[in-house]
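Here is the structure we will look at.
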Amino acid sequence: QLQLVESGGGLVQAGGSLRVSCQASGRNFNRYTMGWFRQAPGKDREFVAAIAWSGGTTYYSDSVKGRFTVFRSNEMNTVYLQMNSLKPEDTAVYYCAADYLPRTAAQATVANDYDYWGQGTQVTVSS
């Protein structure tokens with residue numbers, strides 16, 4: 001079982017950058033595929049990015065590709081989402097999630113497939 005705690009959210013101007021982190025506690029973090037999702041007010045939760053257990057493969061939604069980077073440190077039990085060139089439409093609560101099945105990152109886009117979730121961190125991008 002994993003417990004996930006996000007941090008690093010905040011308010012940033014459009015065009016700026018922000019890095020959110022997800023600290024995991026529990027066993028075998030290095031066996032989990034990790035994902036980032038977000039949910040804006042009045043909208044469904046949407047996939048943002050995923051990274052395979054080894055960190056060898058990553059996958060992004062079209063809306064963030066080229067602007068966001070997901071990476072992980074299995075030594076630190078942490079996964080990160082570096083967000084650059086932020087836009088007002090990136091405003092949302094960002095959640096990290098862990099999936100115990102050995103999927104590739106490209107297979108890990110469905111929220112219902114994930115086993116554990118953090119509480120979320122708010123990211124607000126002002127225009």
Side-chain angles (χ1 to χ4, degrees):
Q1 189 171 0
L2 284 186
Q3 292 79 43
L4 305 174
V5 178
E6 299 94 337
S7 61
L11 175 64
V12 63
Q13 288 188 329
S17 298
L18 203 62
R19 179 182 294 181
V20 291
S21 303
C22 174
Q23 176 73 51
S25 58
R27 298 177 62 184
N28 300 322
F29 172 77
N30 60 356
R31 295 183 183 180
Y32 286 82
T33 300
M34 298 299 296
W36 285 97
F37 292 77
R38 66 187 181 186
Q39 188 165 18
K43 295 188 177 181
D44 293 334
R45 190 171 297 191
E46 66 170 345
F47 169 78
V48 175
I51 185 166
W53 63 273
S54 66
T57 62
T58 57
Y59 191 76
Y60 300 91
S61 68
D62 288 342
S63 61
V64 308
K65 195 176 300 181
R67 300 187 298 122
F68 289 12
T69 302
V70 58
F71 58 102
R72 66 192 294 166
S73 168
N74 287 339
E75 292 76 20
M76 299 294 291
N77 278 14
T78 304
V79 62
Y80 305 90
L81 185 68
Q82 176 67 41
M83 302 181 288
N84 299 330
S85 302
L86 282 160
K87 305 174 181 180
E89 51 264 43
D90 294 319
T91 295
V93 177
Y94 282 72
Y95 299 91
C96 71
D99 176 5
Y100 194 64
L101 287 183
R103 307 180 199 274
T104 66
Q107 295 170 327
T109 65
V110 179
N112 284 346
D113 288 340
Y114 283 80
D115 303 297
Y116 304 106
W117 290 83
Q119 83 289 348
T121 186
Q122 176 71 47
V123 172
T124 302
V125 184
S126 62
S127 57

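Keep in mind it's a predicted model, so treat the numbers as computed, not measured.
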How long is the gap from [atom1] on [X] to [atom2] on [Y], to the nearest 0.5 Å?
X	Y	atom1	atom2	result
Asn28	Leu2	CG	CG	8.0 Å
Thr104	Ile51	OG1	CD1	12.5 Å
Tyr32	Leu101	OH	CG	10.0 Å
Gln119	Ser7	CD	OG	8.5 Å
Asp99	Asn112	CG	CG	11.5 Å
Leu86	Ser127	CG	OG	13.0 Å

If we ignore hydrogens and angles and just use 3.5 Å, is the side chain of [X] paired with the main-chain N or O of [Y] as donor and acceptor?
X	Y	result
Glu6	Val20	no
Arg67	Ser63	yes
Arg72	Thr33	no

**Report entry** Cation-pi, Tyr59 ring and Arg103 (6.0 angstrom, 45 degrees)
**Finding:**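 So Arg103 doesn't make the cation-pi contact.
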Report task. Go through the side-chain N and O atoms of Gln13 and Ser126 and say whether any donor and acceptor fall under 3.5 Å apart. Result ->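 Distance-only check fails for Gln13 and Ser126.
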Query raised in the report: Taking all atoms of both residues into account, what is the closest heavy-atom pair of Thr78 and Ser21, and its distance?
Result: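 Shortest heavy-atom contact: CG2-CB, 4.3 Å.
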Query raised in the report: Can you name the nearest heavy-atom pair linking Asn84 to Ser17, along with the distance?
Result: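 In this case the closest contact between Asn84 and Ser17 is OD1-OG, 2.9 Å.
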Query raised in the report: Parallel under 30°, tilted from 30 to 60°, perpendicular over 60°: which one fits the rings of Phe71 and Tyr80?
Result: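 The rings of Phe71 and Tyr80 lie parallel, inter-plane angle below 30°.
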**Report entry** Ring geometry between Phe37 and Tyr114 (parallel below 30°, tilted from 30 to 60°, perpendicular above 60°)
**Finding:**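 Perpendicular, since the angle between the ring planes exceeds 60°.
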Query raised in the report: Counting heavy atoms not belonging to Lys65, are there more than 12 under 6.0 Å from its NZ?
Result: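 Counting neighbours around NZ of Lys65, more than 12 heavy atoms of other residues, nucleotides or ligands fall under 6.0 Å, so yes.
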Report task. Only one of Glu46, Arg38, Met83 passes side chain to side chain contact (heavy atoms under 4.5 Å, CB included) with Val64; say which it is. Result ->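 The residue from Glu46, Arg38, Met83 that satisfies side chain to side chain contact (heavy atoms under 4.5 Å, CB included) with Val64 turns out to be Arg38.
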Applying a strict under-4.5 Å side-chain criterion to I, L, V, M, F, W and Y, I'd like to know whether [X] and [Y] cluster together.
X	Y	result
Tyr94	Phe47	no
Leu81	Val93	no
Trp53	Leu4	no

Min side-chain heavy-atom separation [X]-[Y] under 4.5 Å:
X	Y	result
Tyr116	Gln3	no
Val70	Phe68	no
Met34	Phe29	yes

Requested in this report: Identify, with sequence neighbours excluded, every residue that meets side chain to side chain contact (heavy atoms under 4.5 Å, CB included) alongside Thr124.
Outcome: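 In terms of side chain to side chain contact (heavy atoms under 4.5 Å, CB included), with neighbours along the sequence ignored, Thr124 is linked to Leu11, Thr91, Gln122.
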Report task. Any chance you could lay out the side-chain contact (heavy atoms from CB on, under 4.5 Å) test for Trp36 and Val79, step after step, and finish with the verdict? Result -> CA-CA 9 Å; Trp36 285 97; Val79 62; 3.9 Å; yes
Requested in this report: Inspect the contact between Asp90 and Lys87 and indicate whether a charged nitrogen and a carboxylate oxygen are less than 4.0 angstrom apart.
Outcome: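 Not counted as a salt bridge, because no side-chain N and carboxylate O are separated by less than 4.0 Å.
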